[in-house]
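In what follows, a single structure is set out as C-alpha cells and then discussed.
Because only heavy atoms are used, hydrogens play no part in the values below, and waters and symmetry mates are left out as well, while side chains stay in.
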Amino acid sequence: MARKHPIEKMRNFGIVAHVDAGKTTTSERILYYTGESHKIGEVHDGEAVTDWMEQERERGITITAAAISCDYIPTYAKGDKEASINFNIIDTPGHIDFTAEVKRSMYVLDGAVVVFDAAAGVEPQTETNWRYADEAGVPRICFLNKMDKLGADFETAYASIQTKLSNKAVRLQIPMGHEEDHVGAIDLLKMKAYTFEGEMGKDVVESEIPEQYKADAEKYRGELIERIVESDEELMDKYLGGEEIPYETLVAQLRKAVIATEVFPVMCGSAFKNKGVQLVLDAVVDYLPAPTDLPPVKGINPDTGEEVEREPSDEAPLSALAFKLQTDPFVGQLTFIRVYSGVLKSGETYLNTGTGKKERIGRIVRLMADKRDEITEVYTGEIAAVVGAKDLKMSHTLCPADAPIVLEEMTFPEPVISARVEPKTKADQEKMGMALSKLSDEDPTFKVHTDDETNETVISGMGELHLDILVDRMKREFGVDAELGRPQVAYRETIQGTADVENKYIKQTGGRGQYGHVKIRIAPLQPEPEQVEGEKVKKQANNIEREDHFEFINNIKGGVIPSEYMGAIKKGLKEAMSRGVLAGYPMEDISVDLYDGSFHDVDSSEVAFKIAASQALQEAARQANPAILEPIMKVEVTTPEQFMGDVTGNLNSKRGMVESMDDRGNAKVITAKVPLSEMFGYTTQLRSMTEGRANATMEFSNYAVVPKNVADEIIAQRG
C-alpha cells in the first residue's frame, strides 16, 4: 500500500481547551467540512462523533482523547484535489480530572489549535494545557470561539491571552460584530472580509472590508506585520523603509515564526453557528508544521547510552512511540502509536525497547473516533493503532533490533484522591482485578493498590469525577458491579528540619550473622537548579542520584561500605519512605547523605544493610520535624455579583485563601487556593448557595503543610 500523501502534506494537531469552550463542537465541524461526516453531531444532543463513549454522551464532556484522520482541501485551493492535506487530529478532554489525556497527546502532536470561550477568555484548564504545550514546544493557533454568545468580547479575551498565557499572541483576524451581531471575520494579512453561507456555513464568501471596520483593520494589520518581520532583519528594513512586503513572503515568515513558537496567531468565530472553522483549518495548513518542518526526533541507544537521532523520513530506520492504550469492546486492546521515522508494517516483528523483547505487529487500524479502517502500513508522521499488542504499553518504543532507540518517556502528575472500591458479589470480585489492571494500564494517573491492614482495594485518581467514571466503565465495559467508598485525600509526609542518625543492624544466630552499619544525614530536598531556558538540569555529580522527590548522596570514602551494598541501602531508604512516621502516608522531598558506616567480612549482607538504612531513615525522620502535606487546589468560581460575599465567606471557612476577584462580563470571578479535603461535594453546595447560577472549576496546584490541629485529626483517624 503506497503512501497516500507526501509527508510535507501532513499535519498532526490537537484541539485543546478548558471544559465547555467548544472543542468537540469545533472537531465536529472539522469532520463535516472535510467530508468525513455527512451530518454534524452536536454535543448537547449526545451525537458528537468524537465523544463516542457512553459516559461522554450522557455528561456532555470529553473524557478520552479521540483520534481522527481526514483529508482537507484549503478554501483558497478552490476544490483542487492536488492541494489536499492529510490531518491527524486529536480531540482532547478539557476537564482537569482527565488532564493526562492532554499531556500525553502533546508528546506526539506537531501543533495545536487552542479553543477559547470568547466570553470567558483564559480559564484554569487552558493555562494547564498551555503549560503542557510549552513543555513539549508545540506551535499553537488560538481560536476565540463562541463569538455569538452573550458577553463575547474579542478584545477582552485577547487581552487575557496576552497577560495570562503569552505576549507572543497576535491578532491574525478581528471579528465583524459580537454576540448576536457576529457575522464573520476579517483576515488582517489578506485584508479581506469573510462570511459563511449555504448549508452549515459550507460556502466561504470573500468580500471587501466594510467601512466601519477599516480603521481597526489597518491599525491591527500594522501590529501583525511588525511582529512577523521583527525576526528577519532584511524584511524589517524593507518594512521600515515603507516597502510593501508581498503577501506570500509574509505568510512564509509567519509560518517560520509560528513553528519556532515565536508567534501565536489569534483567530475568531463561532463553531456552533458554523462561522470561521474553515479559516482555522486554512491556518493549520499555512502555519502549523509538517513532520519535516521539525528537528529529527532524539532518543537514546539502549546498548551504548549515546544520544541518537531519527530523520522524519520513510527511508530511515523505524522509531514509533506508543502513547495511549484503550480497551475496545469489539477488538480488545488498542495501542495508539505515532511513527516518527520509517514505516511500521503489520506482520513484521520489531524490538520493543521498553521491555527488551520482540513484538510482532498483527492488525493495524486507522481511527475515525470509534470507527476503524484496517491498514497494513503506517508511514512517517502518521498516527494509528495496533490491535492486540501483547506487551506494548504506554511510553514503549518500537524499532528494528539492529537500530535500537528509546524515545523520551512520558511523566504524569501523581493522583491526589483515593477511595476504597468493593465488588458487590463473589463473581464481581474475580473480574475486578483484571478490569482494574486494564484501566490502570490505559490511564497513568489511575493507581490501584491493596491496603495492607484491611486487605481492601484502594483506587487513586485526579478527582471525584475521575474515579466515578472509572467505576462506571468497570460496570459497562467489564461487567463488574462495584461500590465506591467515600473519597480520601492522598496526603503525603515530609521533613522540615535536619537530623544525623547512626544505625547498626546486628543479628547473631547459630551460623552466619547479619551486620549492617550506616550513618546518614537527612534534610529537606531543595529544588533542582534550572537552566535559563527552563529545562531541568539532568546531570548530577557522580555521587548524587536524584529521582522524583528523593535524593541519595553517596559520600562514602575509602570503601568503609563496599559499593555492592549501595543498591540495597538505597532500596532500604526508599522502602522506609513508603510509610511515614506520623500517619503512615508516603514520605517525599527528602535528601539523604550516607557519609559513614562499617561492614563485616563475613556477616554483612545486602539484607542487613537494607534493614539498617530503613531503620536509620525512620529514626531520622522522627527527629527532623516531620509534617503532613495536603493537596491544595486552585479553585475558580464564576458567580453573579449578588452572591460574591456568600461565596468568598464559604471559601474562607474552608481554609481557603482568596487570591483575586475579577470581572468577566456581568459576573465576578473569584480565584482561590483551597485544600482538597474541604472541597468534596462543593459543586452541590455552591449551587444551593447561588440559586444554581454559579459554577466552579478546580485543578491541583501544589502540596502544602497541614496546620497542626488538622494534622492531629488526621493522625488520630489513622490511629
Side-chain angles (χ1 to χ4, degrees), residues 46 50-67 93 95-101 104 322-336 365 367 369-372 385-394 412-490 680-681:
T50 53
D51 282 353
W52 56 271
M53 290 171 66
E54 288 177 52
Q55 295 93 332
E56 293 179 312
R57 293 184 169 182
E58 286 169 7
R59 297 168 195 248
I61 61 168
T62 303
I63 291 167
T64 184
H95 198 288
I96 183 61
D97 285 14
F98 310 105
T99 188
E101 290 282 338
R104 64 175 155 200
F323 69 94
K324 173 179 163 65
L325 299 185
Q326 182 177 302
T327 302
D328 185 282
F330 304 109
V331 298
Q333 184 170 287
L334 289 172
T335 308
F336 287 63
V365 291
L367 297 125
D370 60 337
K371 297 185 182 69
R372 330 249 172 259
V386 175
V387 178
K390 194 172 149 201
D391 298 314
L392 189 58
K393 305 293 185 202
M394 199 185 314
F412 295 97
E414 287 296 311
V416 295
I417 186 171
S418 301
R420 300 184 189 284
V421 62
E422 296 264 346
K424 286 193 175 174
T425 66
K426 184 90 169 110
D428 288 323
Q429 185 161 9
E430 288 165 8
K431 290 187 287 184
M432 189 170 83
M434 184 193 73
L436 289 173
S437 171
K438 286 195 171 178
L439 289 170
S440 63
D441 276 347
E442 279 184 32
D443 186 344
T445 59
F446 175 58
K447 302 282 172 69
V448 183
H449 75 275
T450 303
D451 188 305
D452 295 335
E453 293 170 8
T454 62
N455 220 25
E456 292 173 303
T457 302
V458 178
I459 58 175
S460 306
M462 299 307 293
E464 289 177 273
L465 178 63
H466 190 195
L467 298 185
D468 280 345
I469 293 282
L470 286 160
V471 170
D472 193 28
R473 284 187 63 194
M474 275 205 301
K475 184 173 183 178
R476 297 193 198 206
E477 294 172 30
F478 300 95
V480 177
D481 220 348
E483 284 184 350
L484 195 62
R486 188 177 175 276
Q488 303 291 319
V489 177
F680 295 136

Looking at [X] and [Y], what are the two nearest heavy atoms and their distance?
X      : Y      : value
Gly479 : Lys431 : O-NZ, 2.9 Å
Phe478 : Lys438 : CE2-CD, 3.7 Å
Met474 : Ala482 : CE-CB, 3.9 Å
Leu467 : Gly461 : CD2-N, 3.7 Å
Ala419 : Gly485 : CB-O, 3.7 Å
Ile459 : Leu484 : CD1-CD1, 3.6 Å

Can you measure from [atom1] ([X]) to [atom2] ([Y]) and round to the nearest 0.5 angstrom?
X      : Y      : atom1 : atom2 : answer
Lys447 : Ser418 : NZ    : OG    : 10.5 Å
Leu470 : Ser460 : CG    : OG    : 11.0 Å
Asp391 : Thr335 : CG    : OG1   : 10.0 Å

Check: What residues form a side chain to side chain contact (heavy atoms under 4.5 Å, CB included) with Thr457, not counting sequence neighbours?
Finding: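 Testing Thr457 for side chain to side chain contact (heavy atoms under 4.5 Å, CB included), a comparison that skips the adjacent residues, returns Val421, Met432, Leu436, Val448.
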Next item on the list: Not counting sequence neighbours, which residues clear side chain to side chain contact (heavy atoms under 4.5 Å, CB included) with Lys424? List them please.
Entry: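 Listed in chain order: Asp428, Asp481, Glu483.
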Checklist line | Close side-chain approach of Val387 to Val365, heavy-atom, < 4.5 Å | finding: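 They are in side-chain contact.
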Checklist line | Any Val489 side-chain heavy atom under 4.5 Å of Phe680 side chain | finding: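 Val489 reaches Phe680 side chain to side chain.
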